[in-house]
Participant: 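Sharing a structure here in structure tokens format.
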Amino acid sequence: MSQRHAADQADVIENLEPETRTALIEEMDADQLAEILEYVHEELRGDMLEGFTPKELVDVLDLVDEDVAADIAQDLPREQQGQVLAMLT
């Protein structure tokens with residue numbers, strides 16, 4: 001799958017069952033996930049990152065476009081949002 005363009009990878013991931021999607025995401029490195037997040041529908045981004053620690057989120061958010069990072073951070077639970085924002089600054 002890594003030979004496909006990130007937009008194509010995002011389409012595939014969006015159409016997977018949630019359990020399969022989670023297992024696949026857990027195998028990705030931060031660079032690959034960040035690239036794919038640029039193309040995933042906003043509604044699905046939060047679900048994809050649900051089990052991530054604040055450190056893991058920061059690693060990914062550092063690599064995505066600022067607008068995407070802001071959207072993702074805004075949708076995080078308040079406690080996690082504070083931890084992530086503190087680590088980003």
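From a predicted model like this one, the values you see are computed outputs, not experimental measurements.
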Participant: Between atom CG of D65 and atom CG of L61, what is the distance when rounded to the nearest 0.5 Å?
Facilitator: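 Going from CG on D65 over to CG on L61, the span is 11.5 Å.
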Participant: Say you draw a straight line from CZ of R45 to CG of L76; how long is it, rounded to the nearest 0.5 Å?
Facilitator: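 Nearest 0.5 Å value for the CZ-CG distance: 12.0 Å.
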Participant: Contact between F52 and L33 at the side-chain level, heavy atoms closer than 4.5 Å - yes or no?
Facilitator: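 Of all side-chain heavy-atom pairs linking L33 with F52, at least one is under 4.5 Å.
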Participant: Considering residues at least two apart in sequence or located in another chain, which fulfil the side chain to side chain contact (heavy atoms under 4.5 Å, CB included) criterion with D75?
Facilitator: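 Testing D75 for side chain to side chain contact (heavy atoms under 4.5 Å, CB included), a comparison that skips the adjacent residues, returns none.
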Participant: Looking at CG of D47 and CZ of R21, how far apart are the two atoms once the value is rounded to the nearest 0.5 Å?
Facilitator: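 D47 atom CG to R21 atom CZ measures 7.0 Å (nearest 0.5 Å).
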Participant: Suppose the criterion is ring pair (Phe, Tyr, Trp, His ring centres under 6.0 Å): which pairs have a residue in residues 30-51, not counting sequence neighbours?
Facilitator: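 Output for this query lists H5-Y39.
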Participant: What verdict does the side chain to side chain contact (heavy atoms under 4.5 Å, CB included) test give for V60 and E56, after you've listed the backbone C-alpha separation in whole Å, the side-chain angles of each residue and the deciding distance to 0.1 Å?
Facilitator: CA-CA 6 Å; V60 173; E56 291 169 328; 5.9 Å; no
Participant: Would you indicate whether E50, at its atom CD, is surrounded by more than 12 heavy atoms from other residues, nucleotides or ligands within a distance under 6.0 Å?
Facilitator: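 Check fails, neighbour count at 12 or below.
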Participant: How many angstroms lie between CG in L37 and CD in Q32, if you round to the nearest 0.5 Å?
Facilitator: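 Reported value, rounded in 0.5 Å steps: 10.5 Å.
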Participant: What distance separates I36 CD1 from D8 CG, expressed to the nearest 0.5 Å?
Facilitator: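 Spacing of CD1 (I36) from CG (D8) equals 10.5 Å.
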Participant: Only counting residues at least two apart or in another chain, list the ones meeting side chain to side chain contact (heavy atoms under 4.5 Å, CB included) with T20.
Facilitator: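 Per chain and number, T20 pairs via side chain to side chain contact (heavy atoms under 4.5 Å, CB included) with L16, E17.
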Participant: Would you say M28 and I13 make side-chain contact, with heavy atoms under 4.5 Å?
Facilitator: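 Heavy-atom side-chain distance check passes, below 4.5 Å.
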Participant: Would L63 and L57 show up in the same hydrophobic cluster when neighbours are defined by side-chain heavy atoms closer than 4.5 Å?
Facilitator: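 No: no chain of side-chain contacts under 4.5 Å links L63 to L57.
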